[in-house]
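First comes the structure, then the notes that go with it.
Note that the structure is a prediction, hence the values are computed from the model and not measured.
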Amino acid sequence: MQMGDETRQRVKFTDERVCKSHLLNCCPHDILSGTRMDLGECSKIHDLALRADYEIASKERDLFFELDAVDHLESFIADCDRRTELAKKRLAETQEEISAEVAAKAEKVHELNEEIGKLLAKAEQLGAEGNVDEAQKVLQEVEKVRSRKKDAEEEYRNSMPASSFQQQKLRVCEVCSAYLGLHDNDRRLADHFGGKLHLGFIQIREKLDQLKKTVVDKQEKRNQERLKRREEREKEERMKKRTRSRSREHRRSRSRDRRRRRSRSASRERRRSRSRSRDRERRRRHRSRSRSRSRGHRHSHEQSSRHKSSRDRERSSRDRSRERERDRRDGMNGRSDSRRTDDRDVAGDL
């Protein structure tokens, strides 16, 4: 389906209405156009500008339009193969039944006819391209195949009655479902095998095989990429788990360190507390002993002072007694001396 200018401005190559086989240059509607099996206009959009857009975009990323094209071509080829089988069945019903040996010989002639037709078509193509030398080589191969075909026809003719041999024996082309005659001449064979219909079907079948291989390769590549991304995610998850494990272990380690530090700090504090308690107890005992010694010293001093005072008092009392005794004696001595002096004085007077 062709687009107008207005529609072309709105539609992108990714639109579902766009023919993906056309974007990949393998739509049967394009390839078989103008042949006996012309399919008419495709139901989806065909536009060369969209194909150009697709070719540019496909270089940057995989769009996997090959999957849509494979589905389209497989459906078309499957329909063609069904027609081929039906044609074979009709031929089997209409043509005279022959033995397996004769059928094999007839098939040999058909195969040689097909080979001649393909070689002639190739020679014509090379000649059209200007490769005259290559075309001559192909024609030489054609002569060899013709010689083999002549021998095969002779063998086939001798294996059946002359009346039956003159009947046109047909076969169905496995590529395009067209009918081929056993006695077709070279021109007819060349026209068939070099014709647009046969070559178009070859192109479609080869393109289908190529697309299948491309799809398999891309799927394998995508699977590898997915596997790689999954491995990277798993590796990243393992790294994250390892990091989280290390982080948890680090937190546990820090928690253990904090507990150890708190425990050591508590132990030091307990030791300090016990040490302070011991120091206080030691100071208390020291003060107690000091007070006891001081009280004992004061008591001893007081006792000593009291004893000393008592002794001093006793001594003083004794000294006073002695003084009084001395004074008494001195008085007595004085009086005695005075009496003696007086006596002497009296005696002197006498």
Side-chain angles (χ1 to χ4, degrees), residues 1 3 6-31 42-78 203-277:
M1 182 174 67
M3 293 193 306
E6 184 178 353
T7 305
R8 182 179 290 109
Q9 292 176 359
R10 296 196 305 267
V11 176
K12 304 296 182 182
F13 68 88
T14 55
D15 196 295
E16 290 294 330
R17 295 172 292 173
V18 176
C19 178
K20 303 305 184 290
S21 299
H22 169 71
L23 297 180
L24 291 162
N25 195 25
C26 62
C27 182
H29 293 266
D30 292 337
I31 295 173
C42 183
S43 61
K44 293 194 174 183
I45 296 173
H46 284 208
D47 186 58
L48 295 177
L50 295 178
R51 182 188 292 175
D53 293 341
Y54 163 73
E55 289 174 352
I56 294 173
S58 63
K59 294 178 181 178
E60 298 177 356
R61 67 185 189 279
D62 285 333
L63 298 168
F64 282 91
F65 286 173
E66 292 85 356
L67 291 172
D68 297 320
V70 165
D71 291 340
H72 183 197
L73 296 186
E74 279 185 335
S75 176
F76 175 77
I77 293 298
Q203 180 182 346
I204 292 171
R205 291 178 183 275
E206 289 179 349
K207 188 67 176 181
L208 177 58
D209 292 338
Q210 178 185 345
L211 289 174
K212 286 181 177 179
K213 185 177 182 302
T214 301
V215 168
V216 170
D217 292 341
K218 287 190 174 183
Q219 286 177 340
E220 183 178 355
K221 181 180 178 181
R222 173 176 283 188
N223 291 335
Q224 290 177 352
E225 290 176 352
R226 287 176 178 172
L227 180 61
K228 183 178 179 181
R229 287 195 297 268
R230 186 174 65 184
E231 290 175 350
E232 289 176 353
R233 286 195 300 269
E234 291 175 353
K235 182 178 179 180
E236 186 177 351
E237 286 296 324
R238 288 195 298 270
M239 292 296 293
K240 287 181 180 179
K241 289 180 180 178
R242 192 175 297 115
T243 302
R244 287 194 294 267
S245 177
R246 289 175 179 173
S247 179
R248 287 194 299 269
E249 184 62 29
H250 182 61
R251 288 194 297 271
R252 292 194 191 103
S253 178
R254 286 189 299 180
S255 179
R256 287 194 296 269
D257 291 341
R258 285 194 297 269
R259 287 196 297 270
R260 291 192 193 100
R261 287 195 295 270
R262 285 196 296 268
S263 177
R264 288 195 293 267
S265 178
S267 298
R268 286 194 297 269
E269 187 61 30
R270 286 193 296 271
R271 287 196 297 271
R272 291 193 190 104
S273 178
R274 287 195 294 268
S275 179
R276 287 193 294 268
S277 297

Q) Taking the inter-plane angle between the rings of Phe13 and Phe65 on a 0 to 90° scale, is it parallel (under 30°), tilted (30 to 60°) or perpendicular (over 60°)? A) perpendicular
Q | Candidate pair Asp53 and Lys12, rule side chain to side chain contact (heavy atoms under 4.5 Å, CB included), full reasoning | A | CA-CA 9 Å; Asp53 293 341; Lys12 304 296 182 182; over 6 Å; no
Q: Give, for atom OG1 of Thr14 and atom CG of Leu63, the distance between the pair rounded to the nearest 0.5 Å.
A: 8.5 Å
Q: Heavy atoms only: give me the nearest Ala69-Ser21 pair and the separation to one decimal.
A: CA-OG, 3.6 Å
Q.
What's the separation between atom NZ in Lys44 and atom CD in Glu16, rounded to the nearest 0.5 Å?
A. 6.5 Å
(Q) With rounding to the nearest 0.5 angstrom, report the NZ to CG distance, Lys207 to Leu73. (A) 9.0 Å
For residues 227-244, which side-chain N or O atoms pair as donor and acceptor with protein atoms under 3.5 Å away, sequence neighbours left out?
{"residue": "Thr243", "atom": "OG1", "partner": "Met239", "partner atom": "O", "Å": "2.6"}

Q: Taking all non-hydrogen atoms of both residues into account, name the closest pair between Leu50 and Val11 and its distance.
A: CD2-O, 3.8 Å
Q. Can you tell me how far CD of Glu55 sits from CG of Leu48, rounded to the nearest 0.5 angstrom?
A. 9.5 Å
(Q) Once rounded to the nearest 0.5 Å, what's the spacing between atom CG of Asn25 and atom CD of Gln203? (A) 7.0 Å
Return a table of donor-acceptor pairs under 3.5 angstrom between the side chains of residues 209-216 and protein atoms on other chains or two or more places apart.
{"residue": "Lys212", "atom": "NZ", "partner": "Glu74", "partner atom": "OE2", "Å": "3.4"}
{"residue": "Lys213", "atom": "NZ", "partner": "Asp217", "partner atom": "OD2", "Å": "3.1"}
{"residue": "Thr214", "atom": "OG1", "partner": "Gln210", "partner atom": "O", "Å": "2.9"}

(Q) Using side chain to side chain contact (heavy atoms under 4.5 Å, CB included), reason through Ile45 and Asp15 one step at a time and then give a plain yes or no. (A) CA-CA 9 Å; Ile45 296 173; Asp15 196 295; 5.8 Å; no
Q: Go through the steps for Tyr54 and Leu24 under the test side chain to side chain contact (heavy atoms under 4.5 Å, CB included), then give the verdict.
A: CA-CA 9 Å; Tyr54 163 73; Leu24 291 162; 3.3 Å; yes
Q) Is it true that a side-chain atom of His22 and a backbone atom of Asp47 form a donor plus acceptor pair closer than 3.5 Å? A) yes
**Q.** Nearest heavy atoms of Arg51 and Leu23, plus distance in Å
**A.** CG-O, 3.3 Å
Q.
I need the Asp62 CG to Arg222 CZ distance, nearest 0.5 Å.
A. 7.5 Å
Q) Can any side-chain N or O of Ser75 pair as donor or acceptor with the backbone N or O of His72 at less than 3.5 Å? A) no
